[in-house]
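For reference, the structure discussed in these notes is given below.
In the text below, chain A, chain B and the rest are named by the order of the sequence lines, each starting its count at 1. All heavy atoms count here, side chains included; hydrogens, waters and symmetry mates do not.
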Amino acid sequence: MPNSKRLILAHFWLAFAGFGVALVLGAWQMFVRSPLHPWISDPEWYYRSLTAHGTVMAYAFPTLVAMGFGYAITEAALNQPLVGRRWAWAGWWILAVGAVTALVPVALGNASVLYTFYPPQIGSPFYYIGVVLVVVGSWFWVALMSVNLALWKRAHPSAPVPLAMFGMLGGAYLWAWTSVGAALELLLQIIPVALGLKSTIDAGLARVFFSWTLHAIVYFWLIPTYVAYYAIVPRAIGGRLYSDTMGRIAFVLFLVVAMPIGIHHTFEDPQVGAAFKFIHSAFTALVVVPTLITVFTICASVEIVGRLRGGRGPFGWIAALPWDNPIMLAIAFSFVMLGFGGAGGIINMSYQLNMPIHNTQWITGHFHLIFGGAIVIMYFAIAYDLWPHLTGRPLLDLGLMRLQLWLWFVGMIVTTFPWHWVGILGMPRRMAYFDFTDAALAPEAVSVTISVIGGLVLLASGLLFIAVLLRGHLAPVREVESYRFAEAVHPPVAVPAALNGYAVWIALMILLTLTNYGFPIAQLAARSDTSVPPVYVGAQR
Amino acid sequence: MSVRDELSFRNSWFAVSVGLTLVIFVLTALVGLVLLPYAQPDLKFANLWDAICSAAGVPRASPEAAAVAPAFKLSDVVLTSTTFAHPSQESIGRGATLAQQCAICHGPTGVSRADSPNLAGQYAGVVYKELMDFKTGARSNAVMTPFAANLNDRDMRDLAAYYAYLPRLPAYHPEREVPLPKIVINGAPVRGIAPCGSCHGSLANKPGSPWLEGQPAAYMEEQLKAFASGARHNDISQQMRNIARAMTAEEITQAATYFASRPPDENVDPFR
């Protein structure tokens, strides 16, 4: 299996190294703004750390995991060497150089604008140029995924595309289109001001552009996890996938409904009309469909395993599952966190329910639970599953792997549940310190302290994860059987063209972008009275 | 199947999915643009088109009368961080001549012995803004208002350039270090008070905000009290009034005493 082992390992290691550093920063942030630490004397350090944490965790880490996993799937699922490996390395280098270019000004305190940019704040142009390079590097990957599948399709006309490849390609197309929003914001609005070519910025329009990226990017992070659900989990726990078709439908639905929903991030923004907030809210509700399809299909696949292992009755099959298998633990933890996080998400997308928790710690809790929890724990599972095939050495520390996954699950719950709670109490996000001696805030102190403990558990788990992978490189070389993906109970024989390619769904994705974003963007772009002077961050000390 | 065939309405997958998507879009658009505006009893519309435009986010004139004008003059000075960069030698020289009339209070070297602000090395934008505000009436003072009334825009720019050019507090030796008060270092988050240094220098500097180190404590205390009472109101968007109103008398004294005891910051560029 994979011919491009060095390439794939380079992606994973760059991702996990960044993840390790950003995790330390995250734990430090939780600690310094908690009642356990006196108020930080210069809040800029907090925002500097927060910017680095967000930039690495949101842009570099998941993108690199998706790219590395995508290349592995291209070779393993299509059973052909990666075409254009040199271009893939070029993409990796552009991404790596971009990440460094972005993070140096952040480290120097010249770009403490947080990873979501928040114009009219303007930091060093190198920060934004670095982020653009990260995105450009990932576009190489999108093109390579597409080209490799096209070559395979030419050699295998009318054969069903393997589900893993089909899903990853959907993620690649979704990323290609959704990253355009932030790219437009950076290239048309922020970078000209950061370079001093323009003296005003339309912060409202910039926020709308960013919302184009901001929600669908979450589904781009999610796709490797969903591919792991469908293509790794049933095989790894000794069963079969309940339905291949359901997987295809889930992936095409993500492409269609992930895009036209981002304005639910701007519910409190005055520059967007109420009708478009409603339309986006309604489309956001549709996102539960592919997730519920997936939860149903994967639960059914897992149930097959439980019953094959002798489980009986409505719940007896759960006890019969192979709980000593780290992948089994990972999928169970991932689903629990997906359930809580998804329920929270439904609150966020409802206009009125969103109002009390908008811009509170609830939101921070929500996206850490969904992304850091449900999604990232499957990134761990992907790494554990692929590592022996990349290094040629088996991972022998099953106990450590189970401990790591347990710690991540418990740590994430202990971190994010109190976060949700203090959010309901009204605690704002993006604050470097809180006056817990004030009577209004005193009840939040206990919850914040508990979540710091969760953060430290997460840090321990993350470091353990890296240790397990490093030990994997030191294990004795052993013959590793070829890599394979989960087979469906009814393997696909003939698949309709619409579920074997993305033409229809890309067309719908672009159509819905026009209907749902066209007017809000055009209306703001056409107005001449909506720009404000920038607020330079770190320009003078 | 070619891409052209796939994207044809003869392809039932394409026809059904596009049809379904458009039905959902049209339904949600109807609810959002028509039903919801009329479902809000406190919103009044001239006609259906008015309701649709409102829901789509097209700005409408407020039905209320024009905004209430304040009883006092607002500051109309516009500053950026480059407004006063690179002044000419001639400008500084003219400023020096004009500054002779200021010396009685602000000191011949821009360092006051009369509890007036020290102007030597102050940001040019700050000196210019205050002079302009005295002239327009946005800020008033029995001594300064008559002086400023006779200055034109060029005079004020020259004075600002001259004072920015002067070296800062040359003979200044702080007597004793006052411990850093919490109100200065952290502000008070629950009362909406940012740290002083987030505008006045130690953390960041915002155009129009003076540096405060070594300024007379009595002057700073008096100004904070004037902001708190509203007697002084030339701060943009009430930034200082909102802060001063939320400060206790003790915090005002602490902040003023602390800044008065500080030596000047060497790294300030008064022309930026």
Is there a side-chain contact between B/Leu36 and A/Tyr351 in this structure, where contact means two heavy atoms from C-beta onward sitting under 4.5 Å apart?
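Of all side-chain heavy-atom pairs linking A/Tyr351 with B/Leu36, none is under 4.5 Å.
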Test item: A/Trp505 and B/Trp13 side chains (from C-beta on) under 4.5 Å apart, heavy atoms:
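Yes, at least one pair of side-chain atoms sits under 4.5 Å.
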Closest non-hydrogen atom pair, B/Leu7 against A/Ala503
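Result for this residue pair: CD2-O, 3.6 Å.
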Smallest separation among heavy atoms of B/Ala56 and A/Ala275, with atom names:
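Nearest heavy atoms, B/Ala56 then A/Ala275: N-CB, 4.4 Å.
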Given that the side chain runs from C-beta out, which part of [X] has a heavy atom under 4.5 Å from chain B: side chain, backbone, both or neither?
| X | result |
| --- | --- |
| A/Gln523 | side chain |
| A/Asp42 | both |
| A/Ala507 | side chain |
| A/Leu524 | neither |

Taking CH2 in A/Trp45 as the centre, count heavy atoms belonging to other residues, nucleotides or ligands within less than 6.0 Å. Is the count above 12?
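Count not over threshold, so no.
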Crowded around B/Tyr165 OH? As in, over 12 foreign heavy atoms under 6.0 Å?
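Atom OH in B/Tyr165 is not crowded, with 12 or fewer foreign heavy atoms closer than 6.0 Å.
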Heavy atoms under 4.5 Å from chain A: which residues of residues 184-195 of chain B carry them?
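Only B/Ile185, B/Asn186, B/Gly187, B/Pro189, B/Val190, B/Pro195 of residues 184-195 of chain B have a heavy atom under 4.5 Å from chain A.
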Intermediate values then yes/no, side-chain contact (heavy atoms from CB on, under 4.5 Å), B/Thr28 and A/Phe276:
CA-CA 9 Å; B/Thr28 53; A/Phe276 285 94; over 6 Å; no
At a heavy-atom distance under 4.5 Å, which candidate from [options] has the highest pair count against chain B?
| options | value |
| --- | --- |
| A/Thr515, A/Val535, A/Asn516 | A/Thr515 |
| A/Gly501, A/Pro496, A/Pro533 | A/Pro496 |
| A/Leu511, A/Leu441, A/Leu499, A/Val272 | A/Leu499 |
| A/Leu508, A/Ile40, A/Asp438 | A/Leu508 |

Pick one of side chain, backbone, both or neither for [X], based on which atoms fall under 4.5 Å of a heavy atom in chain A.
| X | answer |
| --- | --- |
| B/Pro59 | both |
| B/Leu22 | side chain |
| B/Leu33 | both |
| B/Val34 | neither |

Approximate separation, where rounding is to 0.5 Å, of A/Asp435 CG and B/Lys182 NZ
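If we round to the nearest 0.5 Å, A/Asp435:CG and B/Lys182:NZ are 6.5 Å apart.
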Take the angle between the ring planes of B/Phe25 and A/Phe283 and call it parallel below 30°, perpendicular above 60°, tilted in between.
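Taking A/Phe283 first and then B/Phe25, their aromatic rings sit tilted (interplane angle of 30° to 60°).
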Yes or no on side-chain contact (heavy atoms from CB on, under 4.5 Å) for B/Ile24 and A/Leu286, after CA distance, side-chain angles and deciding distance?
CA-CA 10 Å; B/Ile24 296 174; A/Leu286 290 178; 4.0 Å; yes
